[in-house]
A.B. asks: 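Sharing a structure below in structure tokens format, with a few things to ask.
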Amino acid sequence: MIDLRRLRAEQAYQTGIESKGVSSDVINRVLELDEAHRSALGAVEEMRSEANAAAKAVGKLKDKDERDAKIAENSVFKAKLGEAEAALATQQQELTELALTMPNPCHESVPLGGEEDFRVENTVGEQSSAPAYDHGAVGELLGVVDTKRAVRMSGSRFAYVMGDAVRLQMALVQWTLAKVAEHGFTPVITPVLVREEMMELAGFFPTDRNQVYEVAEDELYLIGTSEIALAGLHREERIDATDLPVRYAGYSSCFRREAGTYGKDTSGLFRVHQFDKVEMFVYADPEKSWEELELLRQIEEEIVGGLELPYRVITVASGDLGAAAAKKYDLEVWLPSEQRYREVTSCSNYTDFSARRMNTKTKTDGGNVLTHTLNGTACAIGRTLLYIFENHQNPDGSVRIPTVLQPFCPGLEVIEPR
RNA sequence: GGAGAGAUGGCAGAGCGGACGAUUGCGUCGGUCUUGAAAACCGUUGAACCUUUGCGGGUUCCGGGGGUUCGAAUCCCCCUCUCUCCGCCA
């Protein structure tokens with residue numbers, strides 16, 4: 001939800017929304033509705049004030065006739081008030097509905113344009129040539145990823161992860177949690193089933209409803225990311241400014257229907273319905289959220305770089321940002337089999353957009369202000385596994401375990417073909 | 001799955017048609033006292049929105065929605081949620 005006061009007062013705020021592809025006509029319509037609503041609100045409040053005073057007066061009248069006369073008079077006025085209130089409610093609803101479609105304005109540093117107009121921030125590591133086995137084939141060769149039998153069990157886009165890959169996964173999780181702990185993140189295991197209300201408040205419903213698994217009988221929904229559960233953690237709360245930033249690292253399984261992706265990334269672990277992820281979530285002082293975004297990016301680079309994966313960082317262009325993000329970095333790892341960079345993690349600053357819906361505020365000396373929220377992937381486990389499978393693959397198909405992970409899986413240095 | 005209880009300000013907990021934005025306690029903040037602190041005592045303390053240069057003024061909010069009434073925290077209806085007991089269970 002955007003800030004209507006800022007919309008009417010700050011040109012830059014409007015410009016930031018237009019950069020995301022909203023026409024100025026729509027914005028002007030919002031401003032018109034807002035103007036009309038506020039003036040009607042003033043009128044109604046004045047009438048209420050009169051009605052309140054009149055009702056109080058009745059209580060003070062002792063004389064029965066006087067009392068009855070006053071009551072009759074009040075009921076006439078009350079009918080008029082009722083009409084005015086109904087009109088106001090309609091107007092309010094129209095305004096809110098349109099305002100809800102407005103995206104969070106993008107930050108001035110975001111490049112303008114669509115999907116192809118990202119800005120490359122930096123590139124690290126070598127773009128190696130295609131390996132002997134792509135990530136799907138190598139999983140099979142090593143006997144650590146079984147998608148064929150998973151189909152029989154659960155359908156396409158599911159996988160059995162087995163053997164040394166499980167040890168590798170656990171090592172990845174442990175190392176990632178240790179890494180983010182260095183930066184003050186508290187690990188959290190979140191619920192994976194949440195109420196519909198949380199999906200709405202977190203901004204996933206109604207837009208992404210078809211991407212979410214529903215447990216119909218209990219009206220619960222499987223989360224696609226622990227961001228949902230972490231965003232709701234301090235709902236309706238007031239956090240003291242001196243306690244900020246509050247940093248969480250959520251570890252959970254994530255569930256996505258991947259509707260509309262038929263035929264894309266069908267092999268291996270790249271795009272599956274269920275995967276595990278460590279997700280960073282920060283509640284930040286509004287004054288300092290941009291520093292936090294840089295911290296998230298730094299951590300993500302430390303993690304991907306620490307795993308010795310070649311990557312680049314891009315700033316996503318305005319038109320390709322979701323509704324909530326004011327700015328977003330994507331980390332893309334070189335996928336040798338496809339000879340291109342593909343997304344592994346990302347981080348965004350939602351500024352106050354999500355907090356407004358969640359009603360999460362910060363107590364400051366100057367009163368309560370909306371908290372800023374940010375999120376970023378620390379490690380998408382499945383996807384990271386496959387980048388390791390390709391980038392650390394030897395000519396015979398065996399896969400070297402990144403050095404930093406070896407202390408977390410003692411004795412496992414290479415996964416050999418079976 | 002069965003039975004019952006409840007939802008009020010930061011927390012606890014009164015109020016059960018007009019003097020209630022709400023008694024009281026704790027907590028908060030300020031003061032007196034003290035070398036300092038504690039204790040004690042005195043005072044202070046909800047939020048959102050509209051309006052105003054400011055002082056201020058107004059509206060709304062007692063889980064949510066609807067209803068009765070001139071007037072609702074209080075009466076009626078619906079919904080949601082929470083807790084307790086029994087049963088089952090990693």
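Letters A, B, ... mirror the listed sequences (proteins, then strands); counts begin at 1. What's counted below: heavy atoms across the whole structure, side chains too, no hydrogens, waters or symmetry copies.
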A.B. asks: Rounded off to whole Å, could you give me the CD1-to-P distance for the A:I71 and B:G71 pair?
C.D. replies: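 Computing the A:I71:CD1 to B:G71:P distance gives 9 Å.
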A.B. asks: Taking the nucleotide of RNA chain B with the nearest heavy atom to each, does A:A55 or A:K70 sit closer to the 5' end?
C.D. replies: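 So the residue in question is A:A55.
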A.B. asks: Partner lookup for B:G36, please. Criteria are Watson-Crick or G-U wobble with both distances under 3.5 angstrom; report none if nothing qualifies.
C.D. replies: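 With both distances under 3.5 Å required, B:G36 matches none.
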A.B. asks: Under a 4.0 Å N-O cut-off, is there an ion pair linking A:R247 with A:E292?
C.D. replies: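 Answer for the salt bridge query: yes.
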A.B. asks: Measure the shortest side-chain to side-chain distance between A:N391 and A:W334 over non-hydrogen atoms and say whether it is less than 4.5 angstrom.
C.D. replies: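 Yes, close enough: below the 4.5 Å cut-off.
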A.B. asks: Are the side chains of A:E258 and A:V272 in touch, meaning some heavy atoms are under 4.5 Å apart?
C.D. replies: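 No, side chains not in contact.
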A.B. asks: Quick one: A:Q92 CD to B:A48 P, roughly how many Å, whole number?
C.D. replies: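 After rounding, the reported distance stands at 17 Å.
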A.B. asks: Under a 3.5 Å cut-off for both contacts, is B:C88 paired Watson-Crick or G-U wobble with anything, and if yes, with which nucleotide?
C.D. replies: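 Pairing partner, where one exists within any strand: none, as none qualifies.
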A.B. asks: Mind checking the C1' distance from B:G25 to B:A19? Whole angstroms is fine.
C.D. replies: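 So the two C1' atoms sit 24 Å from each other.
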A.B. asks: Which letter, B, S or -, goes with each nucleotide of nucleotides 49-65 of chain B from 5' to 3', with contact meaning a protein heavy atom under 4.0 Å?
C.D. replies: SSS------BBS-----
A.B. asks: Check for a donor-acceptor pair, side chain of A:R119 on one end and backbone N or O of A:S109 on the other, with a separation under 3.5 Å.
C.D. replies: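 Yes, the answer is positive, given that a donor and an acceptor are paired below the 3.5 Å cut-off.
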A.B. asks: Can you tell me the distance, in whole Å, between the CD atom of A:E236 and the P atom of B:C11?
C.D. replies: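 Going from CD in A:E236 over to P in B:C11 covers 12 Å.
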A.B. asks: Calculate the interatomic distance between A:L201 atom CG and B:C81 atom P; express it in whole Å.
C.D. replies: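 Distance, rounded to whole Å: 14 Å.
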A.B. asks: Looking at A:F270, does the NZ or CZ of A:R383 lie under 6.0 angstrom from its six-membered ring centre and within 45 degrees of the ring axis?
C.D. replies: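 Yes - A:R383 lies over the ring of A:F270, closer than 6.0 Å to its centre and within 45° of its axis.
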A.B. asks: Any strand counts, and the cut-off is 3.5 Å on both contacts for Watson-Crick or G-U wobble. Which nucleotide pairs with B:A72?
C.D. replies: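 Its partner: none found.
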A.B. asks: P atom, B:A73 versus B:G18: distance in rounded Å?
C.D. replies: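 These two P atoms come out 10 Å apart once rounded.
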A.B. asks: Can A:E73 and A:K70 be said to form a salt bridge (Lys or Arg N to Asp or Glu O under 4.0 Å), step by step?
C.D. replies: CA-CA 5 Å; A:E73 188 192 323; A:K70 186 66 181 166; 3.8 Å; yes
A.B. asks: Could you give the CE-to-P distance, from A:M198 to B:C81, as a whole number of Å?
C.D. replies: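 Nearest whole value for this atom pair: 14 Å.
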A.B. asks: Just name whichever nucleotide pairs with B:A5, Watson-Crick or G-U, keeping both distances under 3.5 Å, else none.
C.D. replies: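 Answer to the pairing question: B:U82, which forms a Watson-Crick or G-U pair with B:A5.
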A.B. asks: Counting Watson-Crick and G-U wobble pairs only, both distances under 3.5 Å, name the nucleotide matched with B:G17, or none.
C.D. replies: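 Matched B:G17 with nothing under the 3.5 Å cut-off.
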A.B. asks: Could you work out the separation of B:A90 and B:C78 based on their C1' atoms and round it to a whole Å?
C.D. replies: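 So the two C1' atoms sit 38 Å from each other.
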A.B. asks: Only pairs with both distances under 3.5 Å count, Watson-Crick or wobble alike; so what is the partner of B:U23 in this structure?
C.D. replies: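 Here B:U23 is not engaged in any pair, so there is no nucleotide opposite it.
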A.B. asks: Quick one: label A:R67 by what it contacts on the DNA or RNA (base, sugar-phosphate, nothing), any heavy atom closer than 4.0 Å.
C.D. replies: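 The residue A:R67 makes base contact.
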A.B. asks: Find the distance A:N359:CG to B:A47:C1' and express it as a whole number of Å.
C.D. replies: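 Distance check: A:N359 CG to B:A47 C1' gives 9 Å.
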A.B. asks: So does A:K363 get a side-chain nitrogen or oxygen closer than 4.0 Å to the phosphate oxygens (OP1/OP2) of B:U28?
C.D. replies: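 Checking B:U28 against A:K363, no side-chain N or O comes under 4.0 Å of OP1 or OP2.
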A.B. asks: Say we look at B:A40 and B:G4: how far apart would their C1' atoms be, to the nearest angstrom?
C.D. replies: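 After rounding to an integer number of Å, I get 46 Å for this pair.
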A.B. asks: Could you check how far CZ of A:F77 sits from P of B:U69, rounded to whole Å?
C.D. replies: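 The answer, rounded to whole Å, is 18 Å.
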A.B. asks: Within 45 degrees of the ring normal and closer than 6.0 Å to the centroid, is that where the cationic atom of A:R297 sits relative to A:Y329?
C.D. replies: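 Yes, a cation-pi geometry.
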A.B. asks: Please measure how far the C1' atom in B:U28 lies from the corresponding atom in B:A12, and state the result in whole Å.
C.D. replies: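 Per the computed distance, 15 Å lies between those C1' atoms.
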A.B. asks: Which value, in whole Å, describes the distance between the C1' atoms of nucleotides B:G21 and B:G58?
C.D. replies: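 The answer is 15 Å between these two C1' atoms.
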A.B. asks: Given the C1' atoms of B:G13 and B:U23, what is the spacing between them in whole Å?
C.D. replies: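 Each nucleotide's C1' atom is 10 Å from the other's.
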A.B. asks: Where the side chain of A:N359 meets the backbone of A:E236, is there a donor-acceptor pair that is under 3.5 Å apart?
C.D. replies: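 No: the side chain of A:N359 does not pair with the backbone of A:E236.
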A.B. asks: Rounded to whole angstroms, how far apart are CZ on A:R238 and C1' on B:C11?
C.D. replies: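 Computing the A:R238:CZ to B:C11:C1' distance gives 16 Å.
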A.B. asks: Could you measure between the two P atoms, the one in B:A14 and the one in B:C70, and give it in whole Å?
C.D. replies: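 Approximately 33 Å lies between the P atom of B:A14 and that of B:C70.
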A.B. asks: Are A:E227 and A:K277 ion-paired here, with the side-chain N under 4.0 Å from a carboxylate O?
C.D. replies: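 Salt bridge: no.
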